[in-house]
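Residue numbers begin at 1 in each chain, while the letters A, B, ... track the order of the sequences. Since the structure is predicted, the reported quantities are computational estimates derived from the model, not experimental observations.
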There are 2 protein chains.
Amino acid sequence: MAALDPASPQPLYLQLTDYLRRQINSGVWQPSDRLPPEVELAAQFDISRGTVRQAMDLLVNQGLLQRIPGKGTFVTNISARSRSQLIGIVVPYLRDSLITEVLRGAESVLRRNGYNLIFCHSEGNLQLELAQIEQLQREGVGGLILFPVATVDESARLSQMLRPQLPLVIIDRRLPQLAASHVVADNVGGAYRAVQHLLAQGHRRIACISLPERPTSIEERIRGYEQALREAKILPLAAVSLAIGAHPSRDSVPYYTVTELAPIDQLLDVGEPPSALFCVNDFIALGVMQHVLARGLRVPNDLAIAGFDDIALAPYMPVPLTTVAQPKYEIGVQAAQLLIDQIVSGTHQQREIVLPTELVIRASTGLPTPVAAVPPPAVAQPPH
Amino acid sequence: MAALDPASPQPLYLQLTDYLRRQINSGVWQPSDRLPPEVELAAQFDISRGTVRQAMDLLVNQGLLQRIPGKGTFVTNISARSRSQLIGIVVPYLRDSLITEVLRGAESVLRRNGYNLIFCHSEGNLQLELAQIEQLQREGVGGLILFPVATVDESARLSQMLRPQLPLVIIDRRLPQLAASHVVADNVGGAYRAVQHLLAQGHRRIACISLPERPTSIEERIRGYEQALREAKILPLAAVSLAIGAHPSRDSVPYYTVTELAPIDQLLDVGEPPSALFCVNDFIALGVMQHVLARGLRVPNDLAIAGFDDIALAPYMPVPLTTVAQPKYEIGVQAAQLLIDQIVSGTHQQREIVLPTELVIRASTGLPTPVAAVPPPAVAQPPH
DNA sequence: TGTCTATATTTGTCTAGACATTTGGAGACA
DNA sequence: TGTCTCCAAATGTCTAGACAAATATAGACA
């Protein structure tokens with residue numbers, strides 16, 4: 001029985017705190033065990049009850065002990081204890097299921113491991129993104145998951161402000177100049193398979209509809225498109241870019257919409273227009289599809305359309321969209337796992353995880369059945 | 001000079017804590033100001049110095065105060081404060097735009113005011129919800145926004161574990177037994193106007209399709225339905241309940257789907273079936289719509305369908321859905337604002353905010369135009 | 001058997017006071 | 001002027017005790 005030393009420079013209550021902690025950590029007192037009552041401890045160590053309470057207050061505050069009036073003081077269950085580490089996640093938007101699923105995946109892994117997730121929404125704004133990373137670092141987060149707004153060129157500003165030791169995982173797009181781990185989807189392969197599918201349907205004139213901005217994910221999709229065509233000995237058409245924008249405040253329009261459709265008209269109003277379009281994301285595919293249907297074209301008979309991302313809306317578009325699905329939830333899971341590994345191991349290793357994508361074939365690329373009058377089945381696909 | 005009330009059920013030290021917090025938050029004591037010495041406060045409030053210290057301990061622990069031996073107790077500089085700036089949000093799911101928009105709204109307000117949002121996903125599980133609230137409290141969050149899984153009956157378990165002083169805002173549904181502020185949508189009025197709209201289209205046999213579970217929000221919608229019918233001197237039909245479920249892991253199916261459709265067949269296979277359905281949410285409306293279309297019925301000609309929530313998918317359903325829109329983003333904004341008010345004022349006032357809902361009329365309830373062959377316009381509605 | 005009641009136990013709140021330690025300033029001293 | 005000492009003021013530590021409130025238990029009672 002360790003006794004307390006009143007002559008020590010360390011106050012009695014801290015000595016008692018240490019003793020209690022040792023008892024718990026060494027397993028003498030197991031989780032959910034009851035501690036001796038305060039008066040008993042006071043008598044045992046020959047100190048007053050107030051000092052015992054002061055010692056216990058610290059452990060209660062740390063979540064190691066739990067007091068229940070009338071019953072006693074108990075060692076907290078391990079499951080209820082938390083290492084109480086904070087992890088920040090910064091995302092640029094929240095307008096489709098991609099990021100919500102990433103969020104779900106990351107949250108579930110982090111919570112199971114006793115971390116808390118601080119959610120930051122940068123609204124696609126670089127300044128805001130930088131400010132939030134700054135604030136999260138001041139807050140003392142143990143790690144960061146970043147879905148960056150910053151482009152490769154702008155990543156210098158990021159690396160300036162990032163604390164060198166901060167565990168960091170970047171998702172969806174790459175910032176190679178940053179010393180960070182990456183979790184991305186197989187964009188090249190997904191686009192490649194989508195275009196291969198269009199080729200297999202007999203299409204030869206396939207245009208790529210892109211975006212004015214080109215994060216690495218979009219560039220990779222364009223590369224996949226070009227690669228598939230080159231292997232088929234077909235020259236890629238010049239890329240067409242469409243601007244997309246969001247209604248920032250309107251609640252019921254959670255989707256990005258195409259704001260400028262003239263390039264599509266120019267593309268189609270030529271002697272030999274393309275018979276199929278590969279759109280680098282589903283929002284573009286939606287805008288293009290609505291526009292060409294309004295022009296009186298039939299999808300896929302006159303024009304086949306394929307997209308990328310498999311947003312929640314894809315199976316419900318006017319013509320259900322063939323698109324490339326990303327493992328959204330899995331991206332979040334892997335990013336969280338990678339971050340935890342880094343934190344726990346203490347090493348600052350950089351890893352890169354490329355998750356497989358999957359081509360989901362729907363009506364917009366001309367299945368054997370012609371345009372169906374009947375809407376898509378109730379529940380998209382069964383789980384596989 | 002506020003005096004403490006020894007007769008109050010709230011202990012003296014908590015009363016003093018509240019007083020000190022108010023002084024700081026109202027700006028009477030600025031950051032880096034020195035507080036009156038402990039003995040002076042003890043004399044002023046006629047309590048012992050131990051109680052004063054107990055009160056201050058809380059604020060020191062929260063990082064709001066800083067004690068320096070020999071010098072005094074000081075209000076912490078805002079930049080040095082951190083733990084007190086955390087706000088927790090616990091949501092049950094993340095499968096449509098309702099909660100993502102709430103999240104966006106709450107995050108933007110909180111961040112502008114210097115708070116950080118900890119995101120917790122309870123997966124619709126009461127145990128998990130309770131555990132997360134427990135953890136957030138231990139983490140020392142300054143407030144909590146809760147989209148509860150717990151029903152009114154289960155709210156006792158919540159109130160047991162909630163720290164009485166914790167600022168708390170409950171959204172979407174009510175838990176009246178909880179001493180908390182609420183932000184909800186006008187469910188009764190929304191349902192009332194939706195059914196009135198069906199009546200105005202000439203429908204007389206209108207059924208209500210509900211859920212097995214009945215949180216207050218759903219109950220209110222049913223009340224609105226019944227009220228509109230009663231005012232039209234029409235007896236409500238017996239409520240039909242459909243079970244809905246989620247594919248928990250399947251990424252690309254972010255929507256709930258109806259799992260049991262037999263009750264709908266029973267409802268329609270009678271001599272005089274209803275000519276219109278009011279569904280208490282849009283997921284049910286989607287499942288029902290797909291089912292009746294597959295049966296060969298025409299919407300809205302044979303059966304009009306109205307929903308509630310205006311999920312992102314609503315304008316893109318096989319027949320664009322008439323539904324009641326909630327001000328999702330605004331719910332998040334108001335909840336955050338209410339929480340900040342409570343934290344800053346230090347008072348534990350309960351307020352209830354009911355936000356207006358809006359009927360969005362689309363094709364599923366029979367507009368002048370018959371079922372259009374052309375899909376809905378590109379961008380749902382222009383902002384207004 | 002089941003329920004109510006009194007009692008003991010335990011933590012929660014609060015008091016009054018003592019002495020220790022740290023800090024900063026006033027005054028003595030070189 | 002610079003330095004040292006001493007003191008007052010403030011927080012830190014600790015005691016001894018009181019009563020309140022919550023909980024569990026044993027025993028009385030129907």
Counting C-beta onward and ignoring hydrogens, is there a side-chain heavy-atom pair between [X] and [Y] closer than 4.5 Å?
X: B/Trp29; Y: B/Leu20; result: yes
X: B/Gln326; Y: B/Asp172; result: yes
X: A/Leu162; Y: A/Gln137; result: yes
X: B/His121; Y: B/Val91; result: yes
X: A/Met56; Y: A/Arg53; result: no

Symbol by symbol from the 5' end, with Watson-Crick or G-U pairs under 3.5 Å, [ ] crossing and | another strand, DNA chain C is ||||||||||||||||||||||||||||||

Would you please confirm or rule out a distance under 4.0 Å between OP1 or OP2 of D/dT11 and any side-chain N or O of B/Arg49?
-> no

Give a yes/no answer on whether the side chain of B/Lys71 brings an N or O atom under 4.0 Å of OP1 or OP2 in D/dA9.
-> no

Could you tell me the separation between the [atom1] atom of [X] and the [atom2] atom of [N], rounded to a whole number of Å?
X: A/Arg67; N: D/dT23; atom1: CZ; atom2: C1'; result: 17 Å
X: B/Gln10; N: D/dA20; atom1: CD; atom2: C1'; result: 16 Å
X: A/Leu16; N: D/dT13; atom1: CG; atom2: P; result: 14 Å
X: B/Met56; N: D/dG12; atom1: CE; atom2: C1'; result: 14 Å
X: B/Leu65; N: D/dT11; atom1: CG; atom2: P; result: 11 Å
X: A/Leu14; N: D/dT13; atom1: CG; atom2: C1'; result: 10 Å

In chain order, what residues pass the ring pair (Phe, Tyr, Trp, His ring centres under 6.0 Å) check against B/Tyr93, with sequence neighbours excluded?
-> B/Tyr256

More 5' along DNA chain D: A/Ser48 or B/Pro37, using each one's nearest nucleotide?
->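 So the residue in question is B/Pro37.
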
Result for 5'-nearest mapping on DNA chain D, choosing between A/Gly50 and A/Ile68, is A/Gly50

Hey, could you give me the CD/CZ distance between A/Glu38 and A/Arg49, rounded to the nearest 0.5 Å?
-> 4.5 Å

Judged by atom type as modelled, is there a donor-acceptor pair below 3.5 Å linking the side chain of B/Glu129 to the main-chain atoms of B/Val149?
-> yes

Is the B/Phe119 ring parallel, tilted or perpendicular to the A/Phe119 ring (thresholds 30°, 60°)?
->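 Plane angle between 30° and 60°, so tilted.
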
Along DNA chain C, 5' to 3', what are the outermost nucleotides having an atom less than 4.0 Å from a heavy atom of chain B?
-> C/dT13 to C/dG24

